[in-house]
There are 2 protein chains.
Amino acid sequence: MFSKTCEYGIRATIFIASESFQNNRVGLKDIAKKIDSPEAFTAKILQILSKNNIIHSIKGVGGGFEIPKETMSQIKLSQIVTALEGNQVFTGCGLGLSHCSEEHPCPVHDKFKFIRNELAAMLENTNLEELASGIKSGDTFLRY
Amino acid sequence: MFSKTCEYGIRATIFIASESFQNNRVGLKDIAKKIDSPEAFTAKILQILSKNNIIHSIKGVGGGFEIPKETMSQIKLSQIVTALEGNQVFTGCGLGLSHCSEEHPCPVHDKFKFIRNELAAMLENTNLEELASGIKSGDTFLRY
DNA sequence: TCGATTCCATGATTTTTATCATATTTTAAG
DNA sequence: CTTAAAATATGATAAAAATCATGGAATCGA
Ligand code: FES
Ligand code: FES
């Protein structure tokens with residue numbers, strides 16, 4: 001469904017959010033360990049997220065990544081996905097035609113469109129705050 | 001969403017079905033042309049589909065691929081997807097955890113499960129006959 | 001200022017996926 | 001029985017995605 005880049009990116013962001021909840025700044029090593037991801041690869045992903053203002057990075061001793069509490073409830077899953085994979089998942093054709101449209105639909109267009117819209121709506125209506133709270137309470141997990 | 005293998009596989013199968021409707025057997029070259037796919041790659045995919053009894057192949061002069069009319073309405077999209085990509089799309093975790101389960105859910109589990117089930121149901125409830133008829137009538141397209 | 005720590009930038013390598021190429025087998029037809 | 005047309009099998013190459021590695025830049029504390 002999603003690329004590894006996107007999977008790691010979402011997991012990392014949720015972890016950072018869950019720590020920022022209690023004002024904890026977290027470093028790369030810690031993130032990679034907690035979400036069970038390759039460290040260097042994760043670093044690249046975090047850089048992209050940082051450039052897209054989804055997470056905030058602080059260099060130097062005692063630095064790390066964080067997400068301001070205020071913005072946490074405003075960051076939606078869709079933003080993370082878009083930053084990391086573009087919007088193909090929201091607009092692309094299920095059978096790989098170069099354009100999805102009503103005028104030139106593929107055989108599964110009508111049925112696929114529905115699923116795609118559900119997915120888009122889900123990503124659009126899910127914010128970081130609710131995801132992070134599940135981690136904090138121990139109800140949900142980011143590895144294994 | 002789907003791999004190229006799967007996209008080409010579905011498109012090829014629909015095309016074969018639409019031709020089998022009017023008792024036309026079709027060859028590899030023709031298929032690749034009509035669905036705009038690389039010929040040799042398509043050949044490999046067709047072999048897999050053939051081994052999985054989704055399409056029927058006939059070697060030699062005048063040979064090609066076909067789908068018996070009787071079975072056409074019984075072949076579901078889900079079978080094609082499973083044959084070509086396994087069942088990860090039906091059972092896999094949206095965030096890439098190795099197992100998806102209620103006991104050890106990832107943060108998006110509840111919401112993702114819903115989408116995944118919708119997709120699974122769609123693939124399960126869509127058969128080749130209906131897809132092929134759209135092609136025959138000119139309402140849907142397999143390329144561009 | 002200096003050194004340690006941490007993110008940042010860039011490129012190399014590996015793995016996976018997609019694509020290409022070649023030779024073999026099967027079969028209908030002449 | 002030979003030939004040509006097809007699918008099949010297998011392996012090689014190319015492209016993309018994922019992973020690794022290295023050096024640089026910023027920041028803090030001493
Ligand atoms: S054209 Fe294929 S999904 Fe819309
Ligand atoms: S555990 Fe992630 S979708 Fe079920």
Side-chain angles (χ1 to χ4, degrees), chain A residues 1-13 15-16 19-20 24-33 35-67 81 83-86 88-89 92 95-96, chain B residues 1-13 15-16 19-20 24-33 35-67 81 83-86 88-89 92 95-96:
Chain A
M1 180 72 81
F2 296 116
S3 63
K4 292 273 178 203
T5 299
C6 205
E7 291 174 353
Y8 292 148
I10 294 174
R11 274 151 62 190
T13 308
F15 174 64
I16 297 169
E19 292 292 312
S20 290
N24 274 341
R25 189 178 290 168
V26 289
L28 170 62
K29 279 203 183 65
D30 198 17
I31 296 172
K33 205 166 294 175
I35 72 171
D36 187 39
S37 67
E39 206 174 297
F41 189 27
T42 307
K44 279 194 178 173
I45 297 170
L46 292 175
Q47 285 171 37
I48 298 174
L49 293 173
S50 177
K51 275 186 197 152
N52 284 80
N53 297 310
I54 290 167
I55 63 182
H56 183 215
S57 73
I58 299 98
K59 281 186 182 176
V61 177
F65 298 90
E66 63 185 19
I67 299 174
V81 173
L84 296 175
E85 329 202 274
Q88 194 64 9
V89 61
L95 294 189
Chain B
M1 180 74 82
F2 297 117
S3 63
K4 291 274 177 203
T5 299
C6 205
E7 290 175 352
Y8 292 148
I10 294 174
R11 273 151 63 189
T13 308
F15 174 65
I16 297 170
E19 291 292 311
S20 289
N24 274 342
R25 188 178 292 170
V26 289
L28 169 63
K29 278 202 185 66
D30 197 17
I31 296 170
K33 206 165 295 176
I35 71 171
D36 187 38
S37 68
E39 205 174 298
F41 188 27
T42 307
K44 279 194 178 172
I45 297 169
L46 292 174
Q47 284 171 38
I48 298 173
L49 293 173
S50 177
K51 276 186 196 151
N52 283 80
N53 296 311
I54 290 167
I55 62 180
H56 184 216
S57 74
I58 299 98
K59 280 188 182 176
V61 178
F65 298 90
E66 63 185 19
I67 299 174
V81 173
L84 296 174
E85 327 203 274
Q88 193 65 8
V89 61
L95 293 190

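Every chain is numbered from 1 and lettered A, B, ... according to where its sequence line falls, protein lines coming before strand lines.
Side-chain nitrogen and oxygen atoms of B:Tyr8 include none within less than 4.0 Å of the OP1 or OP2 phosphate oxygen of C:dA18. Taking side-chain N and O atoms only, B:Ser57 has no distance below 4.0 Å to OP1 or OP2 of D:dA6.
With contacts defined as side-chain heavy-atom distances shorter than 4.5 Å, the pair B:Ile45/B:Gln47 does not qualify. Contact check for B:Glu66 versus B:Val26: no side-chain heavy atoms found under the 4.5 Å cut-off. Using a 4.5 Å heavy-atom cutoff, the side chains of A:Ile10 and A:Val81 are in contact.
Checked against D:dA7, C:dT27, D:dA18, the side chain of A:Thr5 finds its nearest nucleotide in D:dA18. With distances taken from any side-chain atom of B:Pro38 to the nucleotides C:dT19, D:dA9, C:dC7, the minimum falls on C:dT19. Closest to the B:Ala40 side chain, of the nucleotides C:dC20, C:dT27, D:dA21, is C:dC20. Among D:dC28, C:dT26, C:dA9, the nucleotide with an atom closest to any side-chain atom of B:Lys59 is C:dT26. Distance from the side chain of B:Ser50 is smallest for D:dT8 among the nucleotides D:dT8, C:dA18, D:dA4. Here C:dT19 is the nucleotide among C:dT19, D:dA7, D:dT19 with the atom lying nearest to any side-chain atom of B:Phe41.
A donor-acceptor pair is defined here as one N or O able to donate and one able to accept, closer than 3.5 Å; such a pair exists between the side chain of B:Arg11 and the backbone of A:Leu95. Using modelled atom types, one side-chain atom of A:Arg25 and one backbone atom of A:Gly62 make a donor-acceptor pair closer than 3.5 Å.
Distance B:His56 NE2 to D:dA6 P: 17 Å, rounded to the nearest Å. When the P atom of C:dT6 is taken as reference, atom CG of A:Asn24 falls 14 Å away, rounded to whole Å. Nucleotide C:dC8 holds its P atom 10 Å from the CD1 atom of A:Ile31, rounded to whole Å. In this structure, A:Phe65 atom CZ and D:dT27 atom P are separated by 14 Å, rounded to whole Å. Between the CD atom of B:Gln88 and the P atom of C:dT16 there is a distance of 14 Å, rounded to whole Å. For the pair B:Glu66 CD and C:dT27 P, the computed distance is 14 Å after rounding to whole Å. If you measure from atom CD1 of A:Ile16 to atom C1' of C:dT6, you get 14 Å, rounded to the nearest angstrom. Whole-Å rounding puts the A:Leu28 CG to D:dA25 P distance at 20 Å.
Residue order along DNA chain D, read from the 5' end via each residue's closest nucleotide, puts A:Phe2 first among A:Phe2 and A:Ile58. When the nearest nucleotides of DNA chain C are assigned to A:Gly60 and A:Lys51 by heavy-atom distance, the more 5′-ward of the two goes with A:Gly60. With DNA chain C read from its 5' end, the first of the two nearest nucleotides for A:Val61 and A:Gly27 is the one closest to A:Val61.
Within the nucleic acid shown, A:Leu46 has no heavy atom closer than 4.0 Å to any nucleic acid atom.
For B:Ser3 and B:Glu85, the side-chain atoms include at least one donor-acceptor pair closer than 3.5 Å.
Residues B:Leu46 and B:Ile16 come closest through the heavy atom pair CD2-CD1, 4.0 Å.
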Write out a two-atom table: protein N or O, nucleotide N or O from nucleotides 10-16 of chain D, distance below 3.5 Å.
residue, atom, partner, partner atom, Å
D:dG11, O6, B:Lys44, NZ, 2.4

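Between A:Phe65 atom CZ and A:Ile31 atom CD1 the span is 5.5 Å, to the nearest 0.5 Å.
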